[in-house]
Protein chains: 2
Amino acid sequence: MSQHRPVGTPGRVGAVPALPDLPEATVARLPEYLRALHNLAETGHDTVSSEELATAAGVNSAKLRKDLSQLGSYGTRGVGYDVALLIDQIEFVLGLTQCRAVALVGVGNLGHALAGYAGFAGRGFRIAALFDADPARLGEVINGLVVRHIDEFPQVAAEESIAIGVIATPATAAQGVADQLVAAGVTSILNFAPCVLVVPDGVDVRKVDLAIELQILSFHEHRKAALTGLPATAGSGLAPAGAGRATSNGSSPAGLTALPGGLAATGTTEAAPTGTLRSTNAEAVGS
Amino acid sequence: MSQHRPVGTPGRVGAVPALPDLPEATVARLPEYLRALHNLAETGHDTVSSEELATAAGVNSAKLRKDLSQLGSYGTRGVGYDVALLIDQIEFVLGLTQCRAVALVGVGNLGHALAGYAGFAGRGFRIAALFDADPARLGEVINGLVVRHIDEFPQVAAEESIAIGVIATPATAAQGVADQLVAAGVTSILNFAPCVLVVPDGVDVRKVDLAIELQILSFHEHRKAALTGLPATAGSGLAPAGAGRATSNGSSPAGLTALPGGLAATGTTEAAPTGTLRSTNAEAVGS
DNA sequence: AAATGTGAAGACGTTCACAGCG
DNA sequence: CGCTGTGAACGTCTTCACATTT
């Protein structure tokens with residue numbers, strides 16, 4: 001709480017400003033604010049109020065203000081935030097002032113799509129190299145990049161200054177790949193394989209597991225079905241204007257449902273949690 | 001809290017077990033436990049201790065025990081948990097006893113990969129239909145499914161009992177698609193488009209944004225670079241066996257970094273915990 | 001008057017440590 | 001004795017409400 005830096009006179013001297021250590025929850029939302037800000041900038045807005053920006057980013061305004069205040073941000077009371085300035089601030093904090101080179105390992109179904117994903121480019125990242133272990137895939141060209149053997153990684157990583165790796169291999173190969181990446185100096189990994197990665201301290205791992213996301217939704221479906229009793233279709237209202245309420249979620253008593261027998265269902269593996277958003281419900285229509 | 005159901009005698013009679021309303025954080029971890037349990041089951045384990053399962057799932061044992069106790073789970077003191085039983089329990093709670101039909105909208109780069117993703121099948125989900133708005137893509141067959149026009153959604157949704165939709169369209173189209181899905185009775189949406197969706201109450205939305213994940217990693221890269229002072233590559237130790245420590249994360253003094261334009265921020269840096277998983281460091285090698 | 005920045009309160013989540021059971 | 005289950009302590013995140021500033 002009391003732990004602020006001596007902001008006495010703001011960034012005065014030459015090399016003063018370091019990175020404030022932001023709460024993780026805040027860090028996870030900054031990219032969202034950034035995206036919203038870029039949208040606003042393109043729409044010709046010069047300033048935004050916390051209310052407007054919060055709505056655009058899908059959070060409430062108090063949270064947004066607190067988040068921005070963490071970076072010692074510069075809003076003007078009575079006016080709002082300067083869009084361009086905020087963009088610079090956030091991009092700086094996120095380390096996006098330089099385009100970062102990332103390596104993608106595993107060019108299967110998903111990896112292929114990631115390699116071709118246009119969304120990375122405009123957001124500060126460049127896929128600098130593709131790797132796989134399968135001899136059959138080596139040499140293949142995707143989006144202008146040749147697929148190389150994973151053993152070439154150390155060399156390429158050094159050449160391209162790669163510090164971030166994306167793993168899109170099968171689960172069985174993921175840990176081995178992670179070890180190779182870490183050994184070659186990678187310090188951040190985005191893991192799409194449905195498994196837990198063990199890495200040394202100082203290496204950050206984030207995980208994206210598609211099946212897990214669906215399973216979480218499944219839980220809520222299950223819950224909603226139990227509450228309403230009727231799993232029917234029901235064409236509810238559209239989103240536009242005053243959205244209608246659907247399930248109340250509070251302290252209502254849970255519904256009952258029959259238990260499975262001695263079944264042994266399907267599935268096999270999955271993955272981890274996400275620090276992402278949850279359901280939103282405001283009144284304004286999106287775009 | 002304290003809100004459990006009378007679990008007096010376990011899942012005995014016919015319709016006893018209701019859904020406790022679990023903390024979201026717990027729900028988000030259950031799929032991870034489930035995956036670990038399936039792995040254990042395949043390896044011939046009949047029981048697991050909280051310690052073992054926790055390690056396999058990448059969490060600490062106290063958290064795991066608390067999570068499992070929420071579902072009134074059945075561990076045996078002095079022994080551990082029955083693997084098969086726990087699997088059933090968790091699958092039941094997550095609503096995975098039935099295979100759920102999901103619709104995928106947007107068969108572009110990413111959507112294409114999702115349509116072909118094998119990981120869903122074994123995990124309780126079936127992609128039941130594909131949609132797009134682009135006439136050029138209609139009729140295309142992916143993985144045995146024909147791409148249909150989004151306007152056919154209501155009809156197909158009714159036929160296939162679809163309650164979960166996956167949006168993999170460009171951001172500009174996403175809100176419109178979401179409205180269509182909701183109007184047709186969809187109550188859960190997994191959104192891959194980089195935008196905020198506005199939906200009525202009672203509809204759950206989860207978002208997966210690949211660029212955001214990378215941006216979060218970028219932040220940590222930026223921070224680590226500021227701490228070490230040297231953004232060089234540096235091949236650290238391998239992960240296998242006794243993992244080596246990389247960055248010490250404690251109270252090391254913060255490094256300074258030059259600011260862009262006329263910004264000014266200050267402060268000390270420090271390591272922060274994550275809501276989700278973070279770097280792990282145990283000694284055992286993964287698989 | 002309008003909107004930011006922030007203490008303080010509250011909700012939520014995690015970790016500790018041990019009682020209690022097998 | 002080993003391991004689960006859980007009360008209590010602790011820490012983090014969110015929300016409220018208002019003093020402060022332009």
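Below, chains carry the letters A, B, ... as their sequence lines are ordered, and counting in each starts from 1. Heavy atoms only: backbone and side chains are in, while hydrogens, waters and symmetry mates are out. These figures come from a predicted structure and were not determined experimentally.
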Trainee: Tell me: CD of Gln89(B) to P of dG5(D), nearest whole Å?
Mentor: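 So the CD-P distance, Gln89(B) to dG5(D), works out to 11 Å.
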
Trainee: In whole Å, what is the span from the CG atom of Leu68(B) to the P atom of dT4(D)?
Mentor: 9 Å

Trainee: Which of these nucleotides, dG5(C), dT15(D), dT6(D), is closest to any side-chain atom of Ala62(A)?
Mentor: dT15(D)

Trainee: Donor-acceptor pair under 3.5 Å: do we get one between Arg77(A)'s side chain and the base of dT20(D)?
Mentor: yes

Trainee: Does a side-chain N or O from Tyr81(B) land closer than 4.0 Å to OP1 or OP2 of dG2(D), or not?
Mentor: no

Trainee: Round to the nearest Å and state the distance from Lys66(B) atom NZ to dT14(C) atom P.
Mentor: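 Taking NZ of Lys66(B) and P of dT14(C), I get 11 Å after rounding.
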
Trainee: Find the distance Glu51(A):CD to dT15(D):P and express it as a whole number of Å.
Mentor: 13 Å

Trainee: Consider the side chain of Pro23(A), meaning its heavy atoms from C-beta on, and name the nucleotide among dC13(D), dG13(C), dT15(D) that approaches it most closely.
Mentor: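 Of the options given, the side chain of Pro23(A) lies nearest dC13(D).
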
Trainee: Indicate yes or no for a side-chain donor-acceptor contact from Glu52(A) to the backbone of Ser49(A) under 3.5 Å, with no hydrogens or angles considered.
Mentor: yes

Trainee: State whether Asn60(A) places a side-chain N or O below 4.0 Å from either non-bridging phosphate oxygen (OP1 or OP2) of dT15(D).
Mentor: yes

Trainee: Rounded to the nearest angstrom, tell me the gap between atom CD in Gln70(B) and atom P in dG13(C).
Mentor: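 Roughly 10 Å, once rounded to whole Å.
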
Trainee: Could you check which of dG13(C), dT4(C), dT14(C) has an atom nearest any side-chain atom of Ser50(A)?
Mentor: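 So the nucleotide nearest the side chain must be dT4(C).
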
Trainee: Can you name the closest pair of heavy atoms from Ala56(A) and Arg35(A) and give their distance?
Mentor: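 Scanning both residues, the minimum pair turns out to be O-NH2, 4.4 Å.
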
Trainee: To the side chain of Lys63(A), which of dT15(C), dT15(D), dT4(C) is closest?
Mentor: dT15(D)

Trainee: Could you give the CG-to-C1' distance, from Asp67(B) to dT4(D), as a whole number of Å?
Mentor: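 To the nearest whole Å, that distance equals 14 Å.
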
Trainee: Just the rounded figure in Å: distance from P of dT14(D) to CG of Leu22(A).
Mentor: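 The answer, rounded to whole Å, is 13 Å.
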
Trainee: If you measure only the distance, is there a donor-acceptor pair under 3.5 Å linking the side chains of Thr26(A) and Asp67(A)?
Mentor: yes

Trainee: For Tyr74(B) and dT6(D), what is the distance between atoms OH and P respectively, to the nearest whole Å?
Mentor: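 Taking atom P of dT6(D) as the reference, OH of Tyr74(B) is at 12 Å.
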
Trainee: Can you identify which nucleotide, out of dA17(D), dT4(D), dC13(D), has its nearest atom closest to the Arg65(A) side chain?
Mentor: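 It is dA17(D).
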
Trainee: Carefully, step by step, assess Glu221(B) and Ser188(A) under the rule side-chain hydrogen bond (donor to acceptor under 3.5 Å, both in side chains).
Mentor: CA-CA 7 Å; Glu221(B) 281 302 312; Ser188(A) 288; 2.5 Å; yes

Trainee: Are Arg223(A) and Asp204(B) ion-paired here, with the side-chain N under 4.0 Å from a carboxylate O?
Mentor: no

